[in-house]
Amino acid sequence: MRRLFALVCFSVLTACPSQPSPTPPPMGQFYFPTGLAHVDSAQAPDGILFVASGNFDKRYGAGSLQAVNLSAVNPPLPAFGAPVNGVPVAITDLGVTDAGLVSIASFAGEVGAVPVTDGGYRLFIPTRSEGMKVMAIDAPALAAGAAPLLVCFTDAGVSDRDCGTNATSLDQIQFSRSTSGVPRAPSPFGVAWAPRGCFTDDDCYNGTCSHGQCLVMNRNGQPELDNNVFVTALQQTDSPYLSGLNLRGYLTRLSSATPDAIDAGSFINIGPGGASGVVTDGRWVYFSGRYVSPAGSLLRAYDTDGGAVYTSALESNFYALDARAIGRSTDGSHLFIVTRVPDMLLTVSVHNGNTSAPTLRVEHSVSLPDSPNELVVLPRAGRSDLVAVVGVGNNTVAFYDDALGQVVGHIGAVGLQPFGIAADLKGPGARLYVSSYQDGRVVVIDVPDLDRPQDGRIVAYLGASQQCILLNTCVDGGTQ
Amino acid sequence: VAALSGAVGCTSGASSGSANLVGANAQVFAGTLLFLTSSETNELRVLNFNPPNSAVGARLWVRGPNPLETLSIPVLDRPTSLGIDHVFNEDGSETIGSWVYASRAGGDQISIVDIDLTVGLRELRRLTMPAPVSLTAGWTLPGISRLYVATYDGTDGALYAIDLPQTRDGLRALSAGLAVPFATLGARVRLVTSLPGETVTSLLVEGGVTGRTVDGASFCATQGEECLVLATRDNQGSGRTVMLDPTSLRTTSLAFGAPVKFLTTHGKNDVAATGQRVFAALDETACGSSDCGGVLAVDTLTGSAGAFHIMNDVSGYPMVPIGLGDAVVNGLAVHAGASLYVPAALFDGVQAGIKLYDALGVAVGSNSDLLFFDATTMEQLDTDSASPVVNTAVYADSAGNSQSWINGPQYDQITFADGAWRAQNLVAVWQGVVPGVAQLGTSDAEGTTLQVPSTVIDRVMVGDFVVFSSVAGACDDATVTAVGAASITVDHLPCTGRLTFSVRGGPRAPFVVSSTLNGYLGRAAEGGVLKYYGPYLFHIPSTQIDNGYRPGEPTLVLPFGIDTETSQPQRGASWTLAIDGHFAPYASIVDPTTCATSTTFPTGALFEAYDTIPHVMVLYPSAPGVVEVNPSLTGRGTIGSSSGTYCYH
């Protein structure tokens, strides 16, 4: 009997990746997909798509992150820009293997893909379920002929596929039970990163300065270039805990090499109000603000050099109540901010962005379709950016031309409650991936020429609809 | 009438029901009907200013075939722009034609909607253009409804004229079904002009003005024949505005001097013909902020040097843009012969009253303001007649702690130009960091000659202090020995590993002066005088008040002294003067409770032409709805239903 037990244990330890636990949504099935990220791969011409499933109704024991080799799906994606004869391709075989799926905490937010030394990526995914955790998951560079692989970077949980149980919590008990009750960052949502810069080794207290970026030992004892990973929190916190007093939000700064090594110094007090979207631009980290009565902070900034938090007070000249996604123009001269009430795209000019006193001014705004959410900035050669914005309320993607200051294109019927958006730039055009929250699929949109966004069209759907799961009508245990 | 309007006009409920607008992005007024988009529900809604069996002044949503429901006019998906078929007559009156045109940003379709209240109010035909539609505008001719359509295909723009029938049967005859392909329009379509690399941002159609000339030659001078005014923006962000004779294709520039977001004009009054004066909201993207925004006007009666030029204001000099502070202009409307309830300072100096303006303008802003202005004299309506003053003065040490006043800026001798100052703080810093020359990057390789942007190099003087930062921290000071076109030279390099440098005021002018809104004002020596030539918010003629507008004269004169024998200030010590500009523009803000929803962000405005006293209809997509403001009852500051302001949504 003792020998049998040992054999079982041995098989568990050496077999192919074990089944994730807690149980995530089925392999190849997205379930309330939220954040997503696209990265290029030498082995996959169409790249790799990482999709987080939010597990909104907690039907499953956890959410999931899946890695999809876009060049290995079946049927294949249409050739970029090719006509689809009005019928987008339904791609239900995503080729995801056990190794390409890990469980994460439920209620995932954005997905940040940070390049790491081995040519792969480290994915950071804030989640808003119990523990308010941030996942850190490695996606090594795709090997020839292999399927994408995901590996928990922080300690795995009950299995090596469980990246959620032991992920870094931003709402830690030792803080909530302290006298002050802070710092805490409940409802982490947005994520952005920037290299951890340095001039000398002294700037890298736990490493050396290598070509302007800190080289440190990561949590696995491997040398690695370090990055600052910034995570926003939608909710503000009180102090003491549950007092409703002294409300303030926190921006959390993690090390990409040691994301679980957080302490009170990792939390940056940003003043009243939670934050939503975040983007980095050299010295500054800019982040948008969710609604706080009587008015939210539309835009604040954190100085990575001096540590100061700068409140733009734009809301005194732009009376929107709520801000969501934020993006940076390719030349750094503008920020694009999605607002709600009203539903607008706000353009903010940035002057002296490389100094301790940037000037941020309201410059322009245009109306957007109902309930805009996430955006992606699409650079164009010899021309200002095109900005694609997802509209949750009316299932749209709208295109804003920053040169013209106008909305110049509009795609409707983009799934059901589209949420996140990622882009794969292809020559003069781009292929866009939009997570369809209520539908459980990812909508693929081709814009063959970014100068002509009106030619954009839906070319494919990735994954099976989650409707039969929601309606309990799936047959044969499948998803159809 | 207004009071009655108020009593019965707030009818978002009651018998008319709610319109359930979702996406109130555009509006046009047609006789007695206000057409509004409900973009997210792919329809138009109609507010009737003269509903049957209702009291005068009532506004009711037009009901659907089911009288319990508000009428829906289904149109193309997500309409965001409206145009109207109409014509302005020589006497300034407006004749409404047959159609309203609905289009969408980035879409190539145009819904043609019958505006007849009795048998119409439905989409009759839908045109498909060869490229996405930017804007539409209509002009009614005998037997023809001429539709102007601006398109942009991603690279180039175009302007088409399409001659449409004026009858329902005639329009229906264009196609068997709803869709009217562009190719089937045949001779009805004319390409008026191509716009390589440009898109149209605003389009006006107006009648010719009798006597209009450019350099002595007649231009767009035939009343009844339409002329176009187009504002364009190219794909590099620049823009221009021209008047175009669509027949001869001759053009004349409107010299706004900047890209324009939108245009408007007004009907005939005692000083100008219909369409003679063109008002523009400048595009703030030209410089990235409201500094280059605001409202300007051009008089198009007499052009010279191939252009129509900016109007002179009441001072007799070219007007300054009418702006909203740091906010951007979202909408603009002007009406000839409109009344505004004004305070005593703008009435007779004794009491408030209703004042009739030859032309009244309103600009709505991203800060929630509805800013009224005199669209004839092109004046801000400053409701505070007092001149700027210094309210308080505080001296603080370099740590920012308040201390007993020592001699510095002699604010008791300060002089301001009236009309040039908003309330703000003026700060003079002893050996202060020169704005624009702070924390500029450098390196050891740069040596003793340091690069400084040419735009701020004139702020640096020989003898100024240069403060470096280095990888090891702070360094000793260096001193400026020469100032070039875009560089300065220092006497020595105090440390290695230099990263940044800043310039501080040296002995020739140790006071570095700036203000919170105007920015850098200048520098002053001990015993010297600071003269600042700043921008004006508006011009008050110097014939009216001593400190009115005088071209070429400073807007601030401030003597400086210092008592070095008793108190030499530390570097960084500051004197802060709180300036009250006594500038109180006539800006109203709709009380958010008016709609019981969010009325914080107006995006457009028009004057309805039905009431004897024209009311302003302001779009609030966030409400979502439209708010009616009666200028003869309104006031500066928060306005609501008690001052003739009502919401329809």
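The analysis underlying the following values was restricted to heavy atoms, covering all of them including side chains, and did not include hydrogens, waters or symmetry mates. In what follows, every chain begins at residue 1, and chains take the letters A, B, ... in the order their sequences are listed.
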Asp108(B) vs Gln454(A), test: side chain to side chain contact (heavy atoms under 4.5 Å, CB included). Steps then yes/no. CA-CA 9 Å; Asp108(B) 61 2; Gln454(A) 68 268 26; over 6 Å; no
Among [options], which residue has the highest count of heavy-atom pairs closer than 4.5 Å to chain A?
{"options": "Pro621(B), Gly239(B), Ser368(B), Gly237(B)", "answer": "Ser368(B)"}
{"options": "Thr232(B), Val329(B), Thr500(B), Leu499(B)", "answer": "Leu499(B)"}
{"options": "Gly106(B), Gly154(B), Gly288(B)", "answer": "Gly288(B)"}
{"options": "Asp77(B), Thr603(B), Leu324(B), Asp291(B)", "answer": "Asp291(B)"}

How far apart are the closest heavy atoms of [X] and [Y], and which atoms are they?
{"X": "His410(A)", "Y": "Arg104(B)", "result": "ND1-NE, 3.9 Å"}
{"X": "Ser366(B)", "Y": "Val362(A)", "result": "OG-CG1, 4.4 Å"}
{"X": "Arg361(A)", "Y": "Ser290(B)", "result": "NH2-OG, 3.4 Å"}
{"X": "Arg452(A)", "Y": "Asp153(B)", "result": "NH1-O, 2.8 Å"}

Please determine, among [options], the option with the most heavy-atom pairs under 4.5 Å with chain B.
{"options": "Gly409(A), Ser384(A), Pro369(A), Ser316(A)", "result": "Pro369(A)"}
{"options": "Leu450(A), Leu404(A), Asn394(A)", "result": "Leu404(A)"}
{"options": "Gly391(A), Ala403(A), Ser333(A), Ser365(A)", "result": "Ala403(A)"}

Any side-chain donor paired with an acceptor under 3.5 Å for Asn25(B) and Ser367(A)? yes
Examine the side chains of Gln439(B) and Ser356(A) and answer whether a donor and an acceptor come within less than 3.5 Å of each other. yes
Proximal component of [X], with respect to chain A [non-hydrogen, under 4.5 Å]:
{"X": "Arg233(B)", "result": "both"}
{"X": "Cys292(B)", "result": "neither"}
{"X": "Val200(B)", "result": "backbone"}

Atom pair [atom1] ([X]) and [atom2] ([Y]), whose distance is rounded to the nearest 0.5 Å:
{"X": "Asp305(A)", "Y": "Ser469(B)", "atom1": "CG", "atom2": "OG", "value": "8.5 Å"}
{"X": "Asn235(B)", "Y": "Asp401(A)", "atom1": "CG", "atom2": "CG", "value": "8.0 Å"}
{"X": "Tyr319(A)", "Y": "Asn330(B)", "atom1": "OH", "atom2": "CG", "value": "13.0 Å"}
{"X": "Thr285(B)", "Y": "His364(A)", "atom1": "OG1", "atom2": "NE2", "value": "6.5 Å"}
{"X": "Asp370(A)", "Y": "Ser39(B)", "atom1": "CG", "atom2": "OG", "value": "10.0 Å"}
{"X": "Thr600(B)", "Y": "Leu321(A)", "atom1": "OG1", "atom2": "CG", "value": "5.0 Å"}

Does the pair Asn367(B) and Phe318(A) meet the rule for a side chain to side chain contact (heavy atoms under 4.5 Å, CB included), with working shown? CA-CA 5 Å; Asn367(B) 60 351; Phe318(A) 193 89; over 6 Å; no
Which atoms of [X] come close to chain B, meaning under 4.5 Å heavy atom to heavy atom: side chain ones, backbone ones, both, or neither?
{"X": "His351(A)", "answer": "side chain"}
{"X": "Asp455(A)", "answer": "neither"}
{"X": "Leu368(A)", "answer": "backbone"}

Is it the case that the side chain of Gln236(B) and the backbone of Gly382(A) share a donor-acceptor pair, with hydrogens and angles ignored and the cut-off at 3.5 Å? yes
Side chain to side chain contact (heavy atoms under 4.5 Å, CB included) assessment of Thr199(B) paired with Gln406(A): CA-CA 10 Å; Thr199(B) 186; Gln406(A) 297 176 345; 3.6 Å; yes
Carefully, step by step, assess Phe601(B) and Met344(A) under the rule side chain to side chain contact (heavy atoms under 4.5 Å, CB included). CA-CA 10 Å; Phe601(B) 198 93; Met344(A) 311 285 280; 3.4 Å; yes
